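All remarks here apply to the structure that follows.
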2 protein chains.
Amino acid sequence: MASTTTKTADRPKRQRFSPAERERLIVDGAIQFFAKVGFAGQTRELAQRLGISQPLLYRYFPTKKDLIERVYDEVFMGRWKSEWEDIIVDRAAPLRDRLVGFYDAYASEVLTYEWIRIYMFAGLADEDINRRYIDLLEQRLLIPVCTEIRAAAGVVDPEAASISDLEIEAAWNIHAAIFYYFVRKFIYRTPVEPDLAAYIRDTVDRTLEGAFVVIRKADNTNSPKAKN
Amino acid sequence: MASTTTKTADRPKRQRFSPAERERLIVDGAIQFFAKVGFAGQTRELAQRLGISQPLLYRYFPTKKDLIERVYDEVFMGRWKSEWEDIIVDRAAPLRDRLVGFYDAYASEVLTYEWIRIYMFAGLADEDINRRYIDLLEQRLLIPVCTEIRAAAGVVDPEAASISDLEIEAAWNIHAAIFYYFVRKFIYRTPVEPDLAAYIRDTVDRTLEGAFVVIRKADNTNSPKAKN
DNA sequence: TCCCTTATTTATCGTATGATAAATAATAAA
DNA sequence: TTTATTATTTATCATACGATAAATAAGGGA
């Protein structure tokens, strides 16, 4: 009466998946769940959201800690794309455009709801993931960006002197301003500018300006006598 | 043999305080404790750190939730000083110096270990404290700052047009850059510039530069025809 | 010095929670 | 169709945790 097949109506009580598929479902669900409620979230509630029994989690992960470790791995490992480093140093385009292009990609592929929240939960939980990630970011993004800023500011040999702390701070200002957009969106849940691309353009323009100020000031200082 | 008084050696098992004093001790301890471990921290552990029994907490606060609410009140209410608003608008000093002066005070009196961490815990817990605080900050700090930026940029009547979203964003960049220093220090626990005053000076200089760019651009647009 | 008030502790309850063991049923092979 | 394998569930344990009740003792007033 309802339809030719009753399969959709009364679904089988037990959905059986291959271990690989089930593990995938659990990990994806755990990422969503822990990103929302934090790592104090209960395994029973996670299981309920996944539509499975709570002990099944323990078939795939011996302890809750193991599952959390897996969530960290999934979220923070491998999202960084090495081709982004190529974008930054490709002087065919203006630095401003390179930064905007990079942050468009970085925002859409890294700065997601799950990433931002789990990153902050991890920091508050005193995990060392944040420090490791910050190291990665300095080496692969901020230091190259600083070199490019020097080049764009007309410094003759941008790689001559090592990057100063002040220059790194200026590069952090760019990055932090982008990051902060997503903190407001996903943590504070404040209304944000709907046009992300426009926000990125404006923010890069503003913060890059500040970075140039640093270089100009330092370059003037260094011109008469190589100092610091 | 040890000393003339044994009082220090064998302290009385039970220290009796007046209700007001004990409440003060509990609230202060709770702020420290929850700032460190988050609001999932257990009442037994809090009591242990306070050197009291766990049920004593319930003599002063009917539920854990009530204690947490009190912590929110203590940390977020009343730290804002209205005289800061006077600093910002006092055009006797250069805007840059006013901002540096304000952030020196704001950093030392608001952006403490407890404030930063509890603020972030609250955000992740979907409390509305953050949104309320952000509103306060926009009204009492950012909008006045935007007006001052206009004035410093030489806009004839800084209060004529309402402040645009883009100008607010520029002011947020200043604030976020300062804020981010403390996120790194107290959440990520990354090494930070030890000279905070120097950091504030440099950061205000850099980010203020970006804010001026916004005004100059907008002012050029507005000069021929009053638009937007 | 004794007594009374009450700040504080000890003992305990009910439920929540991570984790385990045994029972069940879905799927593929025979 | 029957049987073997194993993904999944039900039942359960041990401990953790918020909260309550009764017992204890510190300190002030008579």
Side-chain angles (χ1 to χ4, degrees), chain A residues 5-34 36-72 121 125 127, chain B residues 5-34 36-72 121 125 127:
Chain A
T5 61
T6 54
K7 286 171 187 172
T8 51
D10 54 301
R11 70 172 57 153
K13 288 173 186 171
R14 229 177 243 198
Q15 180 100 355
R16 247 173 106 108
F17 287 96
S18 77
E21 285 173 316
R22 180 61 80 189
E23 184 173 313
R24 185 76 264 133
L25 288 171
I26 290 175
V27 171
D28 288 344
I31 290 171
Q32 295 298 322
F33 177 68
F34 288 130
K36 185 173 185 191
V37 307
F39 293 109
Q42 306 159 10
T43 55
R44 277 174 176 78
E45 199 182 334
L46 168 59
Q48 194 181 345
R49 294 198 191 199
L50 285 165
I52 63 175
S53 67
Q54 179 247 9
L56 187 56
L57 295 172
Y58 288 85
R59 175 106 184 159
Y60 291 87
F61 298 93
T63 71
K64 184 182 175 183
K65 198 164 184 291
D66 288 311
L67 176 56
I68 291 173
E69 215 60 47
R70 177 64 178 279
V71 166
Y72 280 139
F121 276 123
E127 299 283 341
Chain B
T5 61
T6 53
K7 286 171 188 173
T8 52
D10 53 302
R11 69 174 57 152
K13 287 173 186 173
R14 232 177 243 200
Q15 181 97 355
R16 247 172 108 108
F17 287 96
S18 77
E21 285 173 316
R22 179 62 80 187
E23 184 172 313
R24 185 74 264 134
L25 289 171
I26 289 175
V27 171
D28 288 344
I31 290 171
Q32 295 298 323
F33 176 68
F34 288 130
K36 185 172 186 193
V37 308
F39 294 109
Q42 305 159 12
T43 56
R44 278 175 175 79
E45 199 182 334
L46 168 58
Q48 194 181 345
R49 293 198 193 198
L50 285 165
I52 63 175
S53 67
Q54 179 247 10
L56 188 57
L57 296 172
Y58 288 85
R59 175 107 184 157
Y60 292 86
F61 297 93
T63 70
K64 184 182 174 183
K65 198 164 183 292
D66 288 310
L67 177 54
I68 290 173
E69 217 59 48
R70 177 63 178 279
V71 166
Y72 280 138
F121 275 122
E127 300 283 341

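Letters A, B, ... are given to chains in the order of the sequence lines, protein chains preceding strands, and every chain is numbered from 1. Quantities reported herein were computed from a predicted structural model and do not represent experimental measurements.
A/L50 places its CG atom 17 Å from the P atom of D/dA7, with the value rounded to the nearest Å. Between A/R59 atom CZ and D/dT10 atom P the separation is 16 Å, expressed in whole Å. In this structure, A/E21 places its CD atom 15 Å from C1' of D/dT8, rounding to the nearest Å. One atom, CG of A/L57, and another, P of D/dA7, lie 15 Å apart when rounded to the nearest Å. Between the CD atom of A/Q48 and the P atom of D/dT9 there is a distance of 13 Å, given to the nearest Å. Residue B/E23 contributes atom CD, which lies 16 Å from atom C1' of C/dT8 at whole-angstrom precision. Per the geometry, CG belonging to B/L56 stands 16 Å off C1' belonging to C/dA11, to the nearest Å. Nucleotide C/dT10 holds its P atom 12 Å from the CD1 atom of B/I52, rounded to whole Å.
A/V71 and A/A30 make their closest contact through CG2-CB, 3.8 Å (heavy atoms, listed as atom of the first residue, atom of the second, distance).
A 4.5 Å side-chain heavy-atom check between B/L67 and B/I26 finds at least one atom pair inside the cut-off.
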Between the protein and nucleotides 19-22 of chain D, list the N/O to N/O atom pairs that are separated by less than 3.5 angstrom.
unit_1: D/dA19; atom_1: OP2; unit_2: B/Y58; atom_2: OH; d: 2.8
unit_1: D/dA19; atom_1: OP2; unit_2: B/K64; atom_2: N; d: 2.8
unit_1: D/dA19; atom_1: N7; unit_2: B/Q54; atom_2: NE2; d: 3.0
unit_1: D/dA19; atom_1: N6; unit_2: B/R44; atom_2: NH2; d: 3.4
unit_1: D/dA19; atom_1: N6; unit_2: B/Q54; atom_2: OE1; d: 3.0

Pairs: protein N or O with nucleotides 23-25 of chain C N or O, under 3.5 Å:
unit_1: C/dT24; atom_1: O2; unit_2: A/R14; atom_2: NH1; d: 2.6
unit_1: C/dA25; atom_1: O4'; unit_2: A/R14; atom_2: NH1; d: 3.2

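The CG atom of A/D28 sits 4.5 Å away from the CZ atom of A/R24 when rounded to the nearest 0.5 Å. Put simply, NZ on A/K36 and CG on A/L46 are 12.5 Å apart, with the number rounded to the nearest 0.5 Å.
The nearest heavy atom of DNA chain D to A/G51 and to B/A40 marks one nucleotide each, and the one closer to the 5' end goes with A/G51.
In this structure, the ring-ring contact (aromatic ring centres under 6.0 Å, His included) partners of B/F39, at least two apart in sequence or on a different chain, are B/F34, B/Y72. Applying the salt bridge (Lys or Arg N to Asp or Glu O under 4.0 Å) rule to B/R22 yields no partners; only residues at least two apart in sequence or on another chain are considered.
Among the protein residues, B/Y60 comes within range of the sugar-phosphate backbone only, with heavy atoms under 4.0 Å from sugar or phosphate atoms but none that close to a base. Within 4.0 Å (heavy atoms only), B/R22 reaches sugar-phosphate atoms of the nucleic acid but no base atom.
Screening residues 43-53 of chain A for salt bridge (Lys or Arg N to Asp or Glu O under 4.0 Å), with sequence neighbours left out, gives A/E45-A/R49. Residue pairs meeting the salt bridge (Lys or Arg N to Asp or Glu O under 4.0 Å) criterion with at least one member in residues 61-71 of chain B, sequence neighbours excluded: B/E23-B/R70, B/R70-B/E74.
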Between side-chain atoms of residues 52-62 of chain A and protein atoms elsewhere (two or more places apart, or another chain), which donor-acceptor pairs fall under 3.5 Å?
unit_1: A/Q54; atom_1: NE2; unit_2: A/T43; atom_2: OG1; d: 3.1

